Amino acid sequence: MSQKLFTHNLGFPRIGANRELKQALESYWSGKIDLNALELVGSKLRKQHWEQQLQAGQLDLIPVGDFAWYDQVLEWTTTIGCIPSRHQPSTIDSSFHLDTLFRMARGRAPTGKPAAACEMTKWFDTNYHFITPEIGLSQEFSLSRTFLLDQVKEASEIIGIERVKTVIIGPLTWLYLAKGDDFSGSLDSNKLNLLSKLLPIYTQVLEELSQLGVTWTQIDEPILCLDLTSEWREAFSSFYQQLKQVKKINILIATYFGSLLDNLQTLTQLPVEAIHIDIVRAPHQLTSILKEIKNTNKILSIGVIDGRNIWRTDLDACIDTIQQIIFKEFNFDSSRLWLAPSCSLLHVPFDLTLEIKLDSELKSWLSFAIQKLEELLLLSTSAPSGGSIPSFISSKLTAQRSTIESRRNSTRIHNQQVKQRMFDDISVDRSHPFEERKKAQQIKFQLPQLFPTTTIGSFPQTEEIRSIRRKFKNGSIPREVYEQFMKNEIEKVVRLQEEIGLDVLVHGEPERNDMVEYFGELMNGYAFTENGWTQSFGSRCVKPPIIYGDISLDEPMTVEWSTYAQSLTQKPMKGMLTGPVTILNWSFVRDDQPRSETCKQLSLVLRDEVLNLEKAGIKIIQIDEPAIREGLPLRKSEWNHYLKWAVNCFKLTTSGVAIDTQIHTHMCYSEFNDIIESIGQMDADVISIETSRSNMELLQAFEDFKYPNDIGPGVYDIHSPNVPTVEWIVKLIKKAIERIPKENIWLNPDCGLKTRGYQEVKQALIAMVQAAQQLRNEYQ
């Protein structure tokens, strides 16, 4: 029998097979359970996950420390004592309390004084979010938590200390992600002055891990796949050289999501024992890495199983790469080769066996976290050169090969009508420039000349709403009962908005389970899971739909609900759609054609829906694109290609409407400053963006660019339960007026309201409308 190659995992889904962590967090935040009960759920999940990883993959090393109560960056931020003064506990007690972490993330917790939450943004090019560390030039650090050490002790009893590989955020990546008034941008070299203060912390952590018997730690440095300056590359070398002098533990530097390119030698020359690269996203970098480290003692970990998507792995291709390139061409020592997923499995659902309603053919094409570890095991036992493969391994490989061929040749993937329409010559430009459109729209809608108000779309999704949707979906109530309930909910939302005094109304979206899944369920070429949940942030989980084939539409998706809502009021009603780029980026996308082609198919379907809404009398239509930035390649040299097709796909969706139809778009929780020109090219009449957590920081880009169209800067953070005051909103808008003409400003929350309760929503929107009136009185 051939020798098994060494395997490990970079991270595992933490929410639980049935979202147990989500439920426990929300129960704790609402006062239904105490802190002990919450921590017990966390401990139970960690132990289950370590056991499940060992069973599924027979891994040689299992990650410990990838668990987080909110996100892994915030875990490390609090571990090293980087806590803003406004979130510091009022008592002198030196022990860390988990509520401090929650106040940083949410603005409030069961204990402690509420305060503005820290900023939240996207984790590289994923739909996962993290809480941004806040730092200053005089920042001090101290090891303020023992949580990582506690997890090591837990894990050693479950999987043995010899299998424990701790996971921490690297110092350079953490500094890159951090923000502060003393710094200008992610790559501000002044940040690097803090490395001397971080070195003792990392040294202490590694020393204490070593004392517990840990032999390997994984330090995540994904910024090595970004464009870095020479100062940052030099800082990598300097920091790890200093760490080498004091460490007593083996270090694996993990990179993922892209290619090292000009940072390749920076990584390969670090004085560490092992390096990890992603050869799913960047297969071309393998040979370059092998050339650099062939004659060294470094271990190479290759990410061969896709940690970002849900398709079965072509193991034959992987085996060929390992045998023909790594072993044969480079004669690389198999003892120095480790196999792993490309990145943490945090980004894929938990276990495919929980899906009992997917048809057998489609299900056979898929692989979730547990299955990916099984694939890893199969690869590790079949890839080594020499020796014979046991019959049970051979049969599994044959089955995997058959599955790959089945998907490749399936007739359900291809629709010739869709493919033909892709060649139609359709202009992506509106018929009139913005200045003319704005005049026509003002005549049409008669909105206030200054500071019109609206919301982003969704209103609170109560348990009753979710229950009715479930009952309708499983057939326990008839369509008539479902539709009447939804109409009652829509009327409730419309009347509330009229009472509050909002200018442009929404129907509240009670019929929608998710802003992507809802639309996917009505399109051909999509499939859906029952339990395919992934974590977005904190307790927020999403269930990305699966694009497996060509996209088409049989009938309108939203017209009936929007026209009913409009019939209830004289005020304008917004039609609400999710844009093509966001649907693409928030789905698990087929990998057998370019993403740009799949996006254009979505654009054509949504274009039809926009025109159907307009024809039905809905003349304000919002097409949300919160995910347009997260699709950006990590390297700026590749941005133009992506932005060109992404912007054109959005414009294709909107270009067919009349001059007096107002197009809105919404973006949230991303850094847009460096793509502002492309946002301008989208040519939406109104763009609403998240700015409250960043204290209107994002508006600097709109000022520098002289953004020509209307803007709705989010005036309060809907992800925090804190209710804004009129004074707070007025203060934010006055900041905005310093950068944007007042005639171009709308007032709106920074995101949809589905996760909030009605009481706080009403109070917040009343404050927003009162603030708008106060501003009109002052500036009219």
Side-chain angles (χ1 to χ4, degrees), residues 4-25 38-69 72 75 128 147-148 150-167 214 216 218 254 301 303-310 312-313 338-356 358 363 366-381 396 400 529-535 541 543:
K4 172 183 174 294
L5 291 175
F6 194 98
T7 58
H8 69 115
N9 189 19
L10 274 66
F12 197 68
R14 62 181 71 111
I15 58 173
N18 298 298
R19 293 181 293 161
E20 295 92 334
L21 182 59
K22 168 189 173 65
Q23 294 151 17
L25 284 168
L38 173 65
E39 291 179 329
L40 186 63
V41 171
S43 177
K44 183 178 179 181
L45 284 174
R46 290 191 295 273
K47 292 174 182 177
Q48 288 176 350
H49 296 167
W50 293 324
E51 290 173 339
Q52 287 165 322
Q53 290 176 80
L54 181 58
Q55 181 178 1
Q58 296 180 28
L59 299 169
D60 296 288
L61 290 175
I62 294 174
V64 175
D66 55 330
F67 178 89
W69 295 109
Q72 72 269 24
E75 288 291 335
Y128 181 73
F147 187 44
L148 177 60
D150 297 337
Q151 292 176 78
V152 169
K153 295 172 186 176
E154 288 180 334
S156 63
E157 296 179 1
I158 304 298
I159 57 175
I161 194 65
E162 70 280 358
R163 290 188 191 267
V164 169
K165 179 193 62 172
T166 48
V167 180
V214 176
W216 279 97
Q218 170 186 316
S301 166
V304 287
I305 306 293
D306 194 347
R308 294 278 298 273
N309 215 332
I310 43 72
R312 286 276 173 187
T313 303
W338 291 6
L339 304 183
S342 60
C343 61
S344 170
L345 297 177
L346 168 73
H347 308 287
V348 296
F350 196 89
D351 186 0
L352 186 63
T353 62
L354 300 175
E355 302 301 325
I356 58 175
L358 279 177
K363 188 174 179 179
L366 306 181
S367 178
F368 292 176
I370 292 293
Q371 288 68 45
K372 288 180 182 295
L373 295 181
E374 292 171 348
E375 288 183 303
L376 189 64
L377 174 61
L378 184 57
L379 181 62
S380 72
T381 53
K396 286 183 178 181
Q400 185 95 344
T529 62
E530 291 181 277
N531 296 288
W533 297 98
T534 62
Q535 186 180 25
C541 300
K543 190 150 56 73

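Only this structure's heavy atoms are used, side chains among them; waters, hydrogens and symmetry mates stay out. Note that the coordinates shown come from a computational prediction; the quantities given were computed from them, not determined experimentally.
- With rounding to the nearest 0.5 Å, the separation of CD1 in I158 from CD in Q151 is 12.5 Å.
- Side chain of Q58 to backbone of L377: no donor-acceptor contact under 3.5 angstrom is found.
- Comment: E355 does not engage K363 in a salt bridge, judged by the lack of any side-chain N to carboxylate O separation of less than 4.0 angstrom.
- Heavy atoms only, all atoms of each residue included: V64 and V152 are closest at CG1-N, 3.9 Å.
- Smallest separation of non-hydrogen atoms from V348 and R308: CG1-C, 4.0 Å.
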**Message:** Show, in sequence, the C-alpha distance, side-chain angles and deciding distance for L358 and E530, and conclude whether the side-chain contact (heavy atoms from CB on, under 4.5 Å) test is met.
**Reply:** CA-CA 9 Å; L358 279 177; E530 291 181 277; over 6 Å; no
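- Expressed to the nearest 0.5 Å, how far CG of N9 lies from CG of L376 amounts to 8.0 Å.
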**Prompt:** What's the verdict on side-chain contact (heavy atoms from CB on, under 4.5 Å) for Q72 and Y128, showing C-alpha distance, side-chain angles and the deciding distance?
**Reply:** CA-CA 11 Å; Q72 72 269 24; Y128 181 73; 2.8 Å; yes
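- With contacts defined as side-chain heavy-atom distances shorter than 4.5 Å, the pair P349/I310 qualifies.
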**Message:** side-chain contact (heavy atoms from CB on, under 4.5 Å), that's the test. Do E157 and K47 meet it? Break it down for me.
**Reply:** CA-CA 9 Å; E157 296 179 1; K47 292 174 182 177; 5.6 Å; no
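- Using a 4.5 Å heavy-atom threshold, the side chains of Q535 and K22 count as separate.
- For R163 (side chain) and L61 (main-chain N/O), no donor-acceptor pair under 3.5 Å exists by modelled atom type.
- Partners of R19 according to the side-chain hydrogen bond (donor to acceptor under 3.5 Å, both in side chains) rule, which considers only residues two or more places apart in sequence or in another chain, do not exist here.
- Evaluation of the ring-ring contact (aromatic ring centres under 6.0 Å, His included) rule for W533 yields no partner, not counting sequence neighbours.
- Here the CG-CD distance, from N18 to Q23, works out to 7.5 Å after rounding to the nearest 0.5 Å.
- Summarising the geometry of V304 relative to L379, their closest heavy-atom pair is CG2-CD2, 3.5 Å, with the distance given to 0.1 Å.
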**Request:** I would like to know whether L373 and L345 meet side-chain contact (heavy atoms from CB on, under 4.5 Å); could you show each step before the answer?
**Result:** CA-CA 9 Å; L373 295 181; L345 297 177; 3.9 Å; yes
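- Separating the SG atom in C541 from the CG atom in L21 is a distance of 8.0 Å, to the nearest 0.5 Å.
- Taking the six-membered ring where tryptophan is involved, the planes of W338 and F6 are essentially parallel, since the angle between them stays under 30° and well short of 60°.
- Between the CG atom of L45 and the CG atom of L40 there is a distance of 9.5 Å, given to the nearest 0.5 Å.
- Applying the ring-ring contact (aromatic ring centres under 6.0 Å, His included) criterion to F350, with sequence neighbours excluded, gives F12, H49.
- With rounding to the nearest 0.5 Å, the separation of CG in L352 from CG in N531 is 10.5 Å.
- Shown here for T313 and Q400, the closest heavy-atom pair between the two residues is O-NE2, 2.9 Å.
- Counting only heavy atoms from C-beta outward, the side chains of L346 and P13 never approach each other to under 4.5 Å.
- The backbone N or O of G307 lies less than 3.5 Å from a partner atom in the side chain of S342, making a donor-acceptor pair.
- Counting non-hydrogen atoms of other residues, nucleotides and ligands closer than 6.0 Å to CD of Q55 gives a total of 12 or fewer.
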